[in-house]
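Model, not experiment: these values are computed from the prediction. Scope of the values below: all heavy atoms of this structure, side chains included, with no hydrogens, waters or symmetry mates.
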Amino acid sequence: MQKNVGAKLMFSAAMVIFGTLGVFTRNIDVTSGELALYRAVLATALIGAYLLLFNKGGLGLKSAGRELPLLLASGIAMGINWILLFQAYRYTTISAATLSYYFAPVIVTVASPLLFRERLTAKQIICFVMSTLGLVMIIGLGGNENANLTGIFFGLGAAVFYAAVILLNKFIKNVAGIQRTVLQLLAAVITLLPYVLYSSGINLSQLDGTGWACLLTVGLFHTGVTYCLYFSSLKDLTGQQAAILSYIDPLVAVCISVLLLGEPMTVTQLIGGALILGFTLWNEKE
């Protein structure tokens, strides 16, 4: 019982930290591709050092075997997911970007019957329809002035690649937990580096003190430390407990966006966000 309470606190702390990500990324004056690369490098270094020093299993390369191509593919998807999410933060409000991003579980639900021959139930169909309605309300097809379509579509694109990460990980059986993550992060570094060198180059010299502080926070704290909290607690939680607690992330992001930063959010968008989160949560409950 005590172990479960500790796991819930650790997981909740990770979700709160994830919810503040958008605030820090806005103060880092580099391209989204660069930011994704630096985040992956810093997190890989921190988690890799942790595994080598304190974990007898090391990085888990030996157990990966034939699953290395899947880890590479999921690492590529993770890198693209970050780029699109960071772009979303720059084009629209943190709340709209985050709520669009949380359409990922809906995509997974629809794709699973095709990939894993899972039966699509009436409940899942209802959740898909209502969550899609919520996304439409956030986008504001009726001419909502507060919704920046470019940013929201970047958020939706990030959701597609996050869903790809989730689906690819369902095929990976021999590498568990934090070892899987560090190998995916390493794959993201390998794929993002040539893209960044070709597209924008390395521009760390243009960062000021605030930019450096935010970059280190995003890479080491929001990713390295928080992923350790996330995976250390996940093994002691049921799927339903993790699903419910994961909604702390978007709720924190919306509160920061609207209450602290004063970013606009209409009643229609608020209802749309509630539809996405509410029906996705209902879908994940047993």
Side-chain angles (χ1 to χ4, degrees), residues 17-47 70-105 107-108 135 138-139 148-169 181-204 206-207 211-212 214-224 226-227 230 249-250 253 257:
I17 296 167
F18 281 143
T20 65
L21 178 64
V23 178
F24 288 88
T25 60
R26 288 188 169 180
N27 293 308
I28 305 171
D29 190 21
V30 295
T31 66
S32 295
E34 277 187 87
L35 180 51
L37 172 63
Y38 304 148
R39 181 187 190 188
V41 168
L42 290 167
T44 301
L46 184 65
I47 299 176
L70 290 172
L71 287 164
L72 177 62
S74 60
I76 294 170
M78 181 186 291
I80 298 172
N81 154 45
W82 286 354
I83 292 173
L84 294 174
L85 179 60
F86 297 153
Q87 283 290 90
Y89 287 145
R90 293 177 180 184
Y91 277 91
T92 189
T93 63
I94 291 173
S95 57
T98 304
L99 292 171
S100 301
Y101 182 58
Y102 261 77
F103 198 68
I107 299 171
V108 172
L135 182 65
I138 290 173
I139 292 173
N148 188 307
L149 289 180
T150 302
I152 290 173
F153 282 123
F154 271 127
L156 189 55
V160 170
F161 281 95
Y162 182 50
V165 173
I166 295 171
L167 292 168
L168 284 166
N169 273 270
T181 300
V182 78
L183 290 174
Q184 289 171 338
L185 287 168
L186 187 59
V189 171
I190 293 169
T191 53
L192 285 170
L193 182 58
Y195 166 76
V196 169
L197 292 176
Y198 178 78
S199 61
S200 63
I202 304 297
N203 298 290
L204 286 171
Q206 69 186 34
L207 290 179
W212 272 105
C214 288
L215 177 60
L216 292 173
T217 301
V218 166
L220 297 175
F221 189 60
H222 281 88
T223 314
T226 309
Y227 273 29
Y230 177 85
D249 173 2
S257 173

Using the side chain to side chain donor-acceptor pair (under 3.5 Å) criterion, which residues pair with Gln184? Sequence neighbours excluded. Ser74, Asn169
Closest non-hydrogen atoms of Leu85 and Ala158, given as atom of the first, atom of the second and distance, are N-CB, 3.7 Å
Holding to salt bridge (Lys or Arg N to Asp or Glu O under 4.0 Å), I want the full list of residues that pass it with Arg26, two or more places apart in sequence or in another chain. Glu263
Shortest non-hydrogen separation from Cys214 to Asn27 and the atoms involved: SG-CB, 3.6 Å
Does any pair with a residue in residues 21-40 pass ring-ring contact (aromatic ring centres under 6.0 Å, His included), and if so which ones, sequence neighbours excluded? Phe24-His222
Distance-only donor-acceptor pairs under 3.5 Å for side chains of residues 75-84, two or more places apart:
from, atom 1, to, atom 2, distance (Å)
Asn81, OD1, Tyr101, OH, 3.2
Asn81, ND2, Tyr101, OH, 3.4

Leu42 and Leu220 have their tightest heavy-atom pair at O-CD2, 3.7 Å
Within the 4.5 Å heavy-atom criterion, are Leu215 and Val30 side-chain neighbours or not? no
For Ser200, enumerate each residue passing the side chain to side chain contact (heavy atoms under 4.5 Å, CB included) test, keeping only those at least two apart in sequence or located in another chain. Thr31, Glu34, Val196, Asn203
Taken in chain and number order and not counting sequence neighbours, the residues that satisfy side chain to side chain donor-acceptor pair (under 3.5 Å) with Tyr102 are Asp249
Looking only at atom types and distance, does a side-chain atom of Thr98 sit under 3.5 Å from a main-chain N or O of Ser95, one as donor and one as acceptor? no
Who passes side chain to side chain donor-acceptor pair (under 3.5 Å) against Thr223, sequence neighbours left out? Arg39
Backbone N/O of Tyr195 and side chain of Ser199: donor-acceptor pair under 3.5 Å: yes
Thr226 side-chain N/O to Phe221 backbone N/O, donor-acceptor pair under 3.5 Å: yes
Hey, could you give me the CG/CG distance between Leu70 and Leu167, rounded to the nearest 0.5 Å? 12.0 Å
Which residues pass the ring-ring contact (aromatic ring centres under 6.0 Å, His included) test with Phe154, not counting sequence neighbours? Tyr91
Output the distance between atom OG1 (Thr20) and atom CD1 (Ile94), rounded to the nearest 0.5 Å. 9.0 Å
Hey, what do you get for CG (Leu35) to CD1 (Ile28), rounding to the nearest 0.5 Å? 4.5 Å
How long is the straight-line distance from CG of Leu149 back to CG of Leu156, given to the nearest 0.5 Å? 11.5 Å
Who pairs with Phe18 by ring-ring contact (aromatic ring centres under 6.0 Å, His included), at least two apart in sequence or on another chain? Tyr227
Which residues pass the side chain to side chain contact (heavy atoms under 4.5 Å, CB included) test with Ser100, not counting sequence neighbours? Leu135, Ile138, Ile152
Using a 3.5 Å cut-off and no angle test, enumerate the donor-acceptor pairs between side-chain atoms of residues 185-192 and protein atoms at least two apart in sequence or in another chain.
from, atom 1, to, atom 2, distance (Å)
Thr191, OG1, Ala187, O, 3.0
Thr191, OG1, Ala188, O, 3.1

Is there side-chain contact between Leu207 and Leu204, with at least one heavy-atom pair below 4.5 Å? yes
Of all pairs that satisfy side-chain hydrogen bond (donor to acceptor under 3.5 Å, both in side chains), the ones with a partner from residues 149-164, not counting sequence neighbours: none
